[in-house]
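Protein chains get the first letters and strands the later ones, always in sequence-line order, with residue 1 at the start of each.
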Amino acid sequence: MPFDFNITIAGSAGQGLQTIAGILTKVLARNGYHLFTSQDYMSRIRGGHNFTNIRVSDKPVYAPTVSSQLLVALDQESVEVHYQSLTGPAIIVHDSDTIKVIKARNIQVVAVPLAKLSNESGSPVYINSVAAGVLFSLLRLDLKDLVGFLETRFEEKSPEQIKGNINAATKGFTYTSENYQNIKTTIGTVRKKNRMLINGAESIAIGMIAGGVRFISAYPMSPSTGIFIYITGKAKKFGIISEQAEDEIAACNMALGAGAAGARSAVTTSGGGLSLMCEGISLAGAAEIPVVIANMQRPGPATGSPTRTAQEDLDLVLNIGHGEFPRFVFAPGTAEEAFYTSIHAMNLAEKYQVPVFILGDQHLVDSSITLDKLNPNKVKYKSYMVKSGNLKKPYLRYKNTKSGVSPLAYYGQDKVTFIVDSHVHTEDGHISEDMVVAEKLTEKRFRKINDMKKEFYGPQYYGLQNAKTVLVSWGSTYGAVRETIDYLLEKKKSVAMIHYNKIWPFPVEESIRLLKSRKDIRVVENNYQAQFNRLLKRETRIDTGEPILRYDGRPFDVRFIVKKFEKRQK
Amino acid sequence: MPFDFNITIAGSAGQGLQTIAGILTKVLARNGYHLFTSQDYMSRIRGGHNFTNIRVSDKPVYAPTVSSQLLVALDQESVEVHYQSLTGPAIIVHDSDTIKVIKARNIQVVAVPLAKLSNESGSPVYINSVAAGVLFSLLRLDLKDLVGFLETRFEEKSPEQIKGNINAATKGFTYTSENYQNIKTTIGTVRKKNRMLINGAESIAIGMIAGGVRFISAYPMSPSTGIFIYITGKAKKFGIISEQAEDEIAACNMALGAGAAGARSAVTTSGGGLSLMCEGISLAGAAEIPVVIANMQRPGPATGSPTRTAQEDLDLVLNIGHGEFPRFVFAPGTAEEAFYTSIHAMNLAEKYQVPVFILGDQHLVDSSITLDKLNPNKVKYKSYMVKSGNLKKPYLRYKNTKSGVSPLAYYGQDKVTFIVDSHVHTEDGHISEDMVVAEKLTEKRFRKINDMKKEFYGPQYYGLQNAKTVLVSWGSTYGAVRETIDYLLEKKKSVAMIHYNKIWPFPVEESIRLLKSRKDIRVVENNYQAQFNRLLKRETRIDTGEPILRYDGRPFDVRFIVKKFEKRQK
Amino acid sequence: MTKENHFHYSVERAWCPGCGDYSILSSVENALANLKKKPHEVLMVSGIGQAAKLPHYIKANGFDGLHGRALPAAFGAKVANHKLMVLVTSGDGDIYGEGGNHFIHAIRRNIDITLIVHNNQIYGLTKGQASPTSDLGMVTKTQPDGVFTIPFNPLEMAVTLDAAFVARSFSKDMAFTTKLIEEGIRTPGFSLIDVLQPCVSFNHVNTYKWYSDRVYQLDNSYDPTDKSKAYKKSSEWGDKIPIGVIFKNSRKTYLDNFIKHKDLPLIKRKTNIKEVDSLINELY
Amino acid sequence: MTKENHFHYSVERAWCPGCGDYSILSSVENALANLKKKPHEVLMVSGIGQAAKLPHYIKANGFDGLHGRALPAAFGAKVANHKLMVLVTSGDGDIYGEGGNHFIHAIRRNIDITLIVHNNQIYGLTKGQASPTSDLGMVTKTQPDGVFTIPFNPLEMAVTLDAAFVARSFSKDMAFTTKLIEEGIRTPGFSLIDVLQPCVSFNHVNTYKWYSDRVYQLDNSYDPTDKSKAYKKSSEWGDKIPIGVIFKNSRKTYLDNFIKHKDLPLIKRKTNIKEVDSLINELY
Ligand SMILES: Cc1ncc(C[n+]2csc(CCOP(=O)(O)OP(=O)(O)O)c2C)c(N)n1
Ligand SMILES: Cc1ncc(C[n+]2csc(CCOP(=O)(O)OP(=O)(O)O)c2C)c(N)n1
Ligand code: SF4
Ligand code: SF4
Ligand SMILES: [Mg+2]
Ligand SMILES: [Mg+2]
């Protein structure tokens, strides 16, 4: 029987809800369940109200849902905040000693003395393991899996701590099994299969590594820091150097120095940090230095909402940097797509000697999905530097070729010297004030666009072949739009979706082919100005219907889209 | 008899061609001539090749012309470079002792021992006055005017120096009158009238002062520095404080601090500096701080060509700053328009509490025109702060009003306190993570657009009423396009032009009204990507013809436009 | 100071229980009250970080701008209205990292503001990366092999740059911190008070105990007006960490060059349109 | 050094006749030749300004980036290929003004590069505004009442930040400058050589004569390894201006933490796809 079950674990920052979610999702994934987990947290270290949603299903799931069937409330506020969004029959798990829950029809209450059982296991800090035990019992999962997880994953803890956690988990499990064996959970069963669980940050990071990143520099900024931390943790193993810069300007210019010298380089940042890289990105354009810029969006302007999600930086990324130069912009829709896109991005930056943007957001980086596998051979690392010995002399760093791309060497290769320069310059990189040189240089750079247009896949189509209505997603709205299509198709609507990962150079012809003569085209995006919608209209000259927008810092879900869609759809 | 005479003064940096041009243009303007002077110089302090073009006419002139009737060649290279673009009957003035000129039909050579006459007047540094004397003689100008000018304008020099200059000028004048009385110059006569001579930098600076600027901060960058220097020079007199910042980020944030505290503030910069202000501008958007950003464009990307002209930063200015917020963008077409626009800009920034851009370029700031007058009462300074005593309490800095504009107070006014903030915030400026607050805040900010659309004049129309072909200018291309229209009208073409000064919020309705059902619409702009053309098409949904572009760092002139226009016009 | 302070603003603070930021906030409130200031006469400027949330938690005017950019904003506000008392409260990452260039040049200008740095030797809000003041060897997720860049010593820098007032305190010692803030505010020109502040969530090296074991108050025998002694004192860090006024240096403030205290602040000045005419007339 | 130097590149230089930049260029060429380097082994990095045009006028690799950003770019290039000898040549405005934050943090990292600042105490290319090192009182169009911010003393700062090598020279004294550059390059870690350089077009205060009247070479009795003496020496400015090695301080360089000289440079390393598989496997 198909099932789609949503678990909310809620509490304040510092209570360890990530730990509970971590244990649970790992074991569920290993058992073959399909998951989508998303994070809703505040910009603070302790207190406030945070929650994780874990959607569990027998088939792939791509987006969060708002209503829950199981709430683990780690504090009183969590009960208050999430009570309304429980859909019965639902369960609330809470600490019977500290939290009050009003009983209601359709809501079953599982009251467990969590703190007490933790203390009985030797310390109050094992409370998350107790809660995990409770969940394993309720969800009819195997206690052995939980114990196994605690044994192997907590390896940096002392043997005593591991024992304490296992004890605590067992107590929670037993207590629940004994007192609440009558509770029915609708989470179904699936064929056992070991699935991986990956979030967007990990997938971009691993993609960059697979794409041969050699140098990464960054200044910490939510929600991009996870990518930087991941690569930093693996740097030694992969012969990468990772540097936390004094500011984003330094981060960007370090990457450009490394890139100019011949090392594949990347930076990670978010809104404000991206803004600070504006001039550096223009230098990448002028000096034709390969660099990958992973910008993970959060709501702005300025500081905005550091831990929330948005797609407000599209216009900036398309236009960032004074003066004119070509660039690539990708906005992967899922963690899976983000992995392959990141490998591509590393290749393309070098191939065309242009800045390449990976435009993600908090929703993408902080949400985890289950996957069968990732294939690092599907998109392969490929070098586009001139092979040593093949360098034609005199070597011209900015040779005005037909494709616009000049042969790329590293400093001192085959004993040549060359200069990488930020001015209007001659083919050998020296400052020029000549008008013909200026004109030719711009034309050379923009000639790259011809081949850049052909790179990477265009928009993806999903749904009914000749659907009347087309929803358009880009970046992380992919999941919610895709599920909306499934939902509407079930209702026999004539719908399909087009998803954009490659945003620039804009795939004009493919778009026109896919969009022309539709009755209604509706772009779904996380911003106020409908930035992508505006771009789509500009590039295709096709008119679209009223876009479906969300700009309150939260990701889309099916219900939200359907509601907005039906409202204007009369 | 109508006349249109072009004088080129050419030499290397440091030879003082600006001085010669300065004397000459001032006296011509005071005599009632209409002038357009433009500067072509290199990014160096000494050497290289620079020139100034002085167009003299009996009617207003708006653009440079490439061909010259009189060349003052201060070095040999100047002869070589400009020989080709002389249109006979032309004159070359040169130093008979150091420079060689090949005689040709239609070219009259005025060989004067400039250095020798200067030395005879007491020093080699008076050479520019000698040259001025030569020119006054050739152009049949009054030596008295020249002497008068040297007496009053060189007032910071010693009496001995003044005397030397006067002597030198007289020697140059006399030598020429005696030896070259037969030379015919076609520069006509005009009714005497005292005209002012102003360049774009001065007009923006004076406009800002008239608009009540109280604080200005900048980091030097060509071609914007002239505006900053002008205001700095007048700061004491006007009770302004001007600060040279350590970098553009500081400049921008200083202006925002001053703006938040209630002082009208402005920054001046160019491409790379603008890029560095990207984050600060986003803060102005988030915190709703009035600020005027005068960005004077030069070719990019990165360092590009510091002393050349371009219109490449339009897309950046329209989209600069991460996140979303409203802004104004103006691109005045002439020094005259720049003056009024700058006053407006200062007012509008405060009225709507948004960043306001004045987008100029090297061609605008470095070119001088003659004007009858500027009227500082035409556009009046107006305060939009709440009057003291009128402050409603509790005072909410970000009150969610119908217009989107909140009452603006200064810190401590009527004893209130308030906080200016960069996060998603409540009406009283405190950080909020609430989704409804976030949504409402964005909507409040964008509601301002309704009234912002109505501000300032829309596009200007010039030419034949129902012209089939419309050329479109924005910013400093105004002059060359206007003269092109005059030229084509004379040839009985069905043409007109539309000029955009207010670029954002884009005047959609007016544009459609003016542009619909034209046979051919051709945007003229100084960039490669046809940025304004793309914007115009996006906003009006009207298709345009192939734009007329120039991206070699030089301004447009009639001949260039006509050639490009006719090429695609078959 | 138990009596309710009119700078006190009752609102939830998004800081961890036990964080040193609480005491710094109280010290600021107390210093302002002791100086008999009223909330509307004071402007608190900050960047972004845990420390930088302070202006939201005090009854006074506030400017909470960009990460690293508190000092130029504070400069602008002070210039615009020199009658405001301007304080900057921000983190070590904010002021010495992202904002390092402004730190240097603000001191050079000697603008009359007081800078209070909550120096927890870590990036708190972004969850524990090394800051410029992190000690050598500190292990974090972005410095997995430990910090190996030499720590930035803000006091040495400020002394070298001839700041008007340079002091260090320890957040826990509120009375002392209060006194230093008062003195910093009273000193004309740029005052730096670097306050050692335990971050209980991320800095497990420089804890309350670590600081308590090391800090000692400078006594009267120490003369803060001697620059070379001050430089030496400012470099003391390790087993013994001095707190107190390290350096005092009387020099002209930025605004002394432009404005007398009794002058109209910029925000009250009007442009005389007649005088604009004179500018235009110069162009004839 | 009259013999043709293989770093010499014959091309027109966009500098004013008489500018101190010419001698600095010659000194750099001579130092590199004396060190027996080949052009392709050397990378010259600069920002923007008159000084920063230098990489265009020498036969070597070059990176002419953004105003103020030479140091991070040089850092990146050195990390990418530690076999390159990396020199930065830029102006005082570039390094101490726009790039001030990178100056601090590059020294803290102690990356093994040599920074040569053409310190003409003015912004040359933009036509004569005050720079951070302009003396008090200098009048310019943007400082019409004279400079009143205290000059930035780069040597004091570098000593305070424990730079590996800190020296000052005077452009006119080419042999001396050459020697200092050689020594700076030979010293592992971050070397600063601040070269006093007359700007004949805009700086009419600090002229050839002004410098010549004041500079004196440090003699053997001066011990540059004593930090407190070095600090004192570095603060000397006025009637007497010391030139020579002010400070030497041996410490681990940035790359010592990652790379041995014989290791493959980053640019030659390849990612092993098998190892990427292991990352993926960790996620199951
Ligand atoms: C331009 C920019 N870069 C990065 C960030 C992310 N960020 C916010 S606070 C912070 C550092 C906080 O450290 P610190 O200033 O020491 O303050 P603390 O939290 O420790 O009090 C960073 C990196 C940002 N908001 N803006
Ligand atoms: C971001 C940015 N801001 C400003 C400029 C303009 N600019 C070019 S060089 C320069 C200063 C040059 O002074 P310095 O570094 O001392 O070099 P010098 O010309 O004196 O050798 C400035 C402000 C720029 N190119 N980029
Ligand atoms: S993370 Fe550290 S600095 Fe931030 S509030 Fe918590 S204890 Fe204080
Ligand atoms: S302006 Fe000054 S620094 Fe620049 S080249 Fe001329 S003399 Fe040298
Ligand atoms: Mg901190
Ligand atoms: Mg300089």
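In this structure, D:I122 CD1 and D:Q197 CD are separated by 11.0 Å, a value rounded to the nearest 0.5 Å. In this structure, the separation between CG on A:L283 and CG on D:L66 is 4.0 Å, given to the nearest 0.5 Å. Rounding to the nearest 0.5 Å gives a distance of 9.0 Å between CG of D:L43 and CD1 of A:I419. Atoms CG and CG, on A:L197 and A:L371 in that order, are 8.5 Å from each other to the nearest 0.5 Å. Put simply, OG on D:S131 and CG on D:D92 are 3.5 Å apart, with the number rounded to the nearest 0.5 Å. To the nearest 0.5 angstrom, D:I116 atom CD1 is 5.0 Å from D:I193 atom CD1.
Contacts of A:A250 with chain D are made by both backbone and side-chain atoms, with heavy-atom separations under 4.5 Å. Both the backbone and the side chain of D:L279 come within less than 4.5 Å of a heavy atom in chain A. The part of D:L255 that comes within reach of chain A is its side chain, from C-beta onward, which places non-hydrogen atoms under 4.5 angstrom from that chain. In this structure, chain A has heavy atoms under 4.5 Å from both the backbone and the side chain of D:L266. Using a 4.5 Å cut-off between heavy atoms, D:A74 does not touch chain A at all. For D:I259, the part lying near chain A is the side chain, with the backbone staying farther off; criterion is any non-hydrogen pair under 4.5 Å. Interface remark: D:F63 contributes backbone and side-chain atoms alike to the contact with chain A (heavy atom separation under 4.5 Å). Using a 4.5 Å cut-off between heavy atoms, A:A287 makes no contact with chain D at all. Contact of D:I104 with chain A is not made at all, since no heavy-atom distance falls under 4.5 Å.
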Give each N or O donor-acceptor pair spanning chain D and chain A at a distance under 3.5 Å, with atom names and distance to 0.1 Å, or state none.
{"unit_1": "D:H56", "atom_1": "ND1", "unit_2": "A:H430", "atom_2": "ND1", "d": "2.9"}
{"unit_1": "D:H56", "atom_1": "NE2", "unit_2": "A:D421", "atom_2": "OD1", "d": "3.2"}
{"unit_1": "D:N61", "atom_1": "OD1", "unit_2": "A:F418", "atom_2": "N", "d": "2.9"}
{"unit_1": "D:G62", "atom_1": "N", "unit_2": "A:F418", "atom_2": "O", "d": "2.9"}
{"unit_1": "D:G62", "atom_1": "O", "unit_2": "A:Y411", "atom_2": "OH", "d": "2.8"}
{"unit_1": "D:G62", "atom_1": "O", "unit_2": "A:V420", "atom_2": "N", "d": "2.9"}
{"unit_1": "D:D64", "atom_1": "N", "unit_2": "A:V420", "atom_2": "O", "d": "2.8"}
{"unit_1": "D:D64", "atom_1": "O", "unit_2": "A:S422", "atom_2": "N", "d": "3.0"}
{"unit_1": "D:D64", "atom_1": "O", "unit_2": "A:S422", "atom_2": "OG", "d": "3.3"}
{"unit_1": "D:G65", "atom_1": "O", "unit_2": "A:S422", "atom_2": "OG", "d": "2.8"}
{"unit_1": "D:N101", "atom_1": "ND2", "unit_2": "A:D247", "atom_2": "OD2", "d": "3.1"}
{"unit_1": "D:H102", "atom_1": "ND1", "unit_2": "A:E246", "atom_2": "OE2", "d": "3.0"}
{"unit_1": "D:R109", "atom_1": "NE", "unit_2": "A:E243", "atom_2": "OE2", "d": "2.5"}
{"unit_1": "D:R109", "atom_1": "NH1", "unit_2": "A:E246", "atom_2": "OE1", "d": "3.0"}
{"unit_1": "D:R109", "atom_1": "NH2", "unit_2": "A:Q244", "atom_2": "O", "d": "3.3"}
{"unit_1": "D:R109", "atom_1": "NH2", "unit_2": "A:E246", "atom_2": "OE1", "d": "2.7"}
{"unit_1": "D:Y254", "atom_1": "OH", "unit_2": "A:E243", "atom_2": "OE1", "d": "2.5"}
{"unit_1": "D:K268", "atom_1": "NZ", "unit_2": "A:Y410", "atom_2": "OH", "d": "3.4"}
{"unit_1": "D:R269", "atom_1": "O", "unit_2": "A:R214", "atom_2": "NH1", "d": "3.4"}
{"unit_1": "D:R269", "atom_1": "NH1", "unit_2": "A:G239", "atom_2": "O", "d": "3.0"}
{"unit_1": "D:T271", "atom_1": "OG1", "unit_2": "A:R214", "atom_2": "NH1", "d": "3.2"}
{"unit_1": "D:T271", "atom_1": "OG1", "unit_2": "A:R214", "atom_2": "NH2", "d": "3.4"}
{"unit_1": "D:S278", "atom_1": "OG", "unit_2": "A:K237", "atom_2": "NZ", "d": "3.2"}
{"unit_1": "D:E282", "atom_1": "OE1", "unit_2": "A:K234", "atom_2": "NZ", "d": "2.9"}
{"unit_1": "D:E282", "atom_1": "OE2", "unit_2": "A:K234", "atom_2": "NZ", "d": "3.3"}
{"unit_1": "D:L283", "atom_1": "O", "unit_2": "A:K26", "atom_2": "NZ", "d": "2.9"}
{"unit_1": "D:L283", "atom_1": "O", "unit_2": "A:L197", "atom_2": "N", "d": "3.1"}
{"unit_1": "D:Y284", "atom_1": "O", "unit_2": "A:K26", "atom_2": "NZ", "d": "3.4"}
{"unit_1": "D:Y284", "atom_1": "OH", "unit_2": "A:D372", "atom_2": "O", "d": "2.4"}

Candidate pair A:I216 and A:V267, rule side-chain contact (heavy atoms from CB on, under 4.5 Å), full reasoning: CA-CA 6 Å; A:I216 183 160; A:V267 295; 5.9 Å; no
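Taking every heavy atom of both residues into account, A:A409 and A:F418 meet most closely at O-CZ, 3.5 Å. Residues D:V200 and D:C16 share a closest heavy-atom pair of CG2-CB, 4.3 Å.
In terms of heavy-atom pairs under 4.5 Å with chain D, the best-connected choice from A:G211, A:A261, A:A245, A:G259 is A:A261. Among D:A80, D:P39, D:P72, D:A70, the residue with the largest count of heavy-atom pairs under 4.5 Å with chain A is D:P72. Listed options A:L256, A:I240, A:I241 were ranked by heavy-atom pairs under 4.5 angstrom with chain D; first place goes to A:I241. Contact tally against chain D (heavy-atom pairs below 4.5 Å) for A:I249, A:L374, A:I198: the top residue is A:I249.
Taking the six-membered ring for Trp and the full ring otherwise, D:F103 and D:Y96 have centroids separated by under 6.0 Å.
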